Amino acid sequence: MMMQQQLVETPNQKNSLFNAMNRFIGAVNKMDQTVMVPSLLRDVPLEEDSEMSSLKCEEEEGDMYSYYQLLKSIRMDIEWGVRCAAADERRKESMTISRKSSSASISSSASSMSSMSSEEEDEEEDEDLQKQFQYHLTGLQGVLSKLTLQANCLVKRYNQELGMGGWGQ
């Protein structure tokens, strides 16, 4: 039998995307193991928990159960890739809007650079791609950190609803 090696995060690795994804997946797995009866989360509003209410959308039902399902869905997207199911259409539409505004800024900067030589354009384009990547990477890490916190809060709230206070923490 091989002994499973524990990963210890160094200060440099703490902010890596890979570790942020692992923390999120671990938090959702813990949530999934703790929440034995997900239907108990139905009709438990997000508003009661100030940390959870910050993520509530106008379109969402607003109960803990829908948020539980959302967190599990995001975990599946990370582990298996984004699905093309109808339920994910809303998320894709919001991504399209973001991409349109991002591509509009790219096209406006590209038109202003049309007078540059092709070598300067290539350098500028590479720099722009790196800036875009760093911008989106930072955003993704921030979102994953918030979602990890939300999964942990959901577990805490579930335990409070069952009257188990600090169990499993």
Side-chain angles (χ1 to χ4, degrees), residues 1-102 132-169:
M1 238 197 273
M2 292 185 81
M3 207 173 205
Q4 192 174 23
Q5 191 176 358
Q6 282 197 343
L7 299 175
V8 178
E9 290 181 9
T10 65
N12 293 336
Q13 293 174 323
K14 184 178 181 183
N15 294 322
S16 80
L17 177 61
F18 181 73
N19 287 330
M21 287 190 298
N22 280 335
R23 282 190 296 270
F24 170 72
I25 290 170
V28 174
N29 286 342
K30 179 181 176 184
M31 176 190 77
D32 213 12
Q33 292 170 355
T34 302
V35 178
M36 296 299 211
V37 186
S39 62
L40 290 177
L41 296 171
R42 289 192 194 277
D43 302 324
V44 177
L46 291 174
E47 294 100 35
E48 292 178 16
D49 194 330
S50 61
E51 293 172 344
M52 294 294 284
S53 65
S54 65
L55 286 170
K56 184 180 174 186
C57 284
E58 295 169 9
E59 298 173 7
E60 284 183 25
E61 294 173 20
D63 66 357
M64 298 287 282
Y65 180 77
S66 62
Y67 207 73
Y68 169 82
Q69 295 292 17
L70 175 69
L71 289 168
K72 285 180 59 170
S73 172
I74 293 170
R75 178 192 61 191
M76 293 294 290
D77 287 346
I78 289 173
E79 291 178 332
W80 300 101
V82 179
R83 298 180 313 265
C84 295
D88 293 332
E89 263 327 291
R90 280 188 286 156
R91 214 171 354 165
K92 287 182 184 179
E93 288 173 4
S94 67
M95 288 174 60
T96 303
I97 292 168
S98 299
R99 286 183 185 154
K100 284 180 182 176
S101 64
S102 177
Q132 286 179 24
F133 175 75
Q134 289 175 347
Y135 173 79
H136 290 292
L137 181 63
T138 302
L140 182 57
Q141 288 173 326
V143 168
L144 285 170
S145 294
K146 288 177 185 177
L147 290 171
T148 301
L149 177 64
Q150 300 310 315
N152 291 332
C153 288
L154 193 140
V155 168
K156 179 181 160 189
R157 182 83 178 278
Y158 177 80
N159 286 334
Q160 287 173 346
E161 290 294 320
L162 291 180
M164 297 194 305
W167 285 33
Q169 296 178 7

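Just so we're clear, the structure is a prediction, and the values are computed from it rather than from any experiment. Below, each value reflects all heavy atoms present in this structure, side chains not excepted, and no hydrogens, waters or symmetry copies.
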Asks: Nearest 0.5 angstrom please: Tyr65 OH to Leu70 CG, how far?
Replies: 12.5 Å
Asks: Mind listing the closest non-hydrogen atom pair of Ala151 and Leu71 along with its distance?
Replies: CA-CD1, 3.8 Å
Asks: Could you tell me the separation between the OG1 atom of Thr34 and the CG atom of Asn29, rounded to the nearest 0.5 Å?
Replies: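 Thr34 atom OG1 to Asn29 atom CG measures 10.5 Å (nearest 0.5 Å).
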Asks: Which pair of heavy atoms, one from Tyr67 and one from Leu147, lies closest together, and at what distance?
Replies: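 That would be OH-CD2, 3.7 Å.
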Asks: Check Tyr68 against Leu41 and note the closest heavy-atom contact, atom names and distance.
Replies: CB-CD1, 3.8 Å
Asks: May I ask you to decide if Gln141's main-chain N or O and Ser145's side chain share a donor-acceptor pair within less than 3.5 Å?
Replies: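 Yes, Ser145 side chain to Gln141 backbone: donor-acceptor pair under 3.5 Å.
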Asks: Identify the two heavy atoms, one from Ala20 and one from Thr148, that lie closest to each other, and give their separation to 0.1 Å.
Replies: O-OG1, 4.4 Å
Asks: So which heavy atom on Arg42 is nearest to which on Asp63, and how close?
Replies: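 Closest pair (atom of Arg42, atom of Asp63, distance): CA-OD2, 3.6 Å.
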Asks: Quick one: pull up SG in Cys153 and NZ in Lys146 and give me the separation to the nearest 0.5 Å.
Replies: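 It is 13.0 Å, given to the nearest 0.5 Å.
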Asks: State the CG-CG distance between Leu17 and Leu144, to the nearest 0.5 angstrom.
Replies: 6.5 Å
Asks: Rounded to the nearest 0.5 Å, how far apart are CZ of Phe24 and CE of Met31?
Replies: 7.5 Å
Asks: Are Ile74 and Val28 close enough that some pair of their side-chain heavy atoms sits under 4.5 Å apart?
Replies: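 The answer is no; the side chains never approach within 4.5 Å.
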Asks: Any non-hydrogen side-chain atom of Tyr158 less than 4.5 Å from a side-chain atom of Val37?
Replies: yes
Asks: Do Val44 and Arg157 touch side chain to side chain, with heavy atoms closer than 4.5 Å?
Replies: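 When only atoms from C-beta onward are counted, Arg157 and Val44 do touch, with a gap below 4.5 Å.
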Asks: For the residue pair Arg23 and Asn19, establish whether any side-chain heavy-atom pair is separated by less than 4.5 Å.
Replies: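 Side chain of Arg23 against side chain of Asn19, heavy atoms only: contact under 4.5 Å found.
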